[in-house]
Amino acid sequence: MTVNDYIQQKFQTFGINLSEADLLDMCLTSKISGEDEMNEDCYGRVSVAMAKFIPSLLLRATSIGESGFSMSWDIKGIKDYYSFLCKKYGLKDELNTDKPKVKFL
């Protein structure tokens with residue numbers, strides 16, 4: 001399985017289809033060719049690149065409807081996966097941080 005295939009399949013579990021540009025962004029971030037064979041040597045770098053990509057992914061529309069066809073993806077699931085990757089690789093979780101609360105007296 002190539003790196004591109006691995007990344008596409010991981011995101012497809014959340015109902016997300018990636019473009020070639022998305023795959024290229026993640027491959028450039030991980031400094032790995034998308035055509036390379038996915039193996040344990042590059043697993044960590046690819047996972048970190050995926051985690052770094054997810055916040056920009058969430059800026060897109062989460063559902064599309066056209067001519068009776070609709071498609072949506074699992075936002076909670078992808079946020080949970082992002083949080084998991086951040087914890088696993090020691091990255092700052094930009095999406096699931098608690099917002100500071102102010103209490104007026």
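Values reported hereafter were calculated over all heavy atoms of this structure, with side chains retained and with hydrogens, waters and symmetry mates removed.
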Is Leu24 linked to Leu18 within one hydrophobic cluster, defined over Ile, Leu, Val, Met, Phe, Trp and Tyr using a side-chain heavy-atom separation of less than 4.5 Å? no

Less than 3.5 Å apart, which donor and acceptor atoms pair up between the side chains of residues 1-9 and the rest of the protein, not counting sequence neighbours?
| from | atom 1 | to | atom 2 | distance (Å) |
| --- | --- | --- | --- | --- |
| Thr2 | OG1 | Asp5 | N | 3.1 |
| Thr2 | OG1 | Asp5 | OD2 | 3.1 |

Show every donor-acceptor pair shorter than 3.5 Å between a side-chain atom in residues 83-90 and any protein atom, with sequence neighbours excluded, or say none if there are none.
| from | atom 1 | to | atom 2 | distance (Å) |
| --- | --- | --- | --- | --- |
| Ser83 | OG | Asp93 | OD2 | 3.2 |

Output a table of donor-acceptor pairs, distance under 3.5 Å, between side-chain atoms of residues 26-35 and any protein atom two or more places apart or on a different chain; print 'none' if there are none.
| from | atom 1 | to | atom 2 | distance (Å) |
| --- | --- | --- | --- | --- |
| Thr29 | OG1 | Asp25 | O | 2.8 |
| Ser30 | OG | Met26 | O | 3.1 |
| Ser30 | OG | Cys27 | O | 3.2 |
| Ser33 | OG | Glu35 | N | 3.1 |

To the nearest 0.5 Å, what is the distance between CD1 (Ile16) and CG (Leu57)? 4.5 Å

Over 60° means perpendicular and under 30° means parallel, so tell me whether Tyr81 and Phe14 are parallel, tilted or perpendicular. tilted

For Ala51 and Tyr82 the tightest heavy-atom approach is O-CE1, 3.1 Å

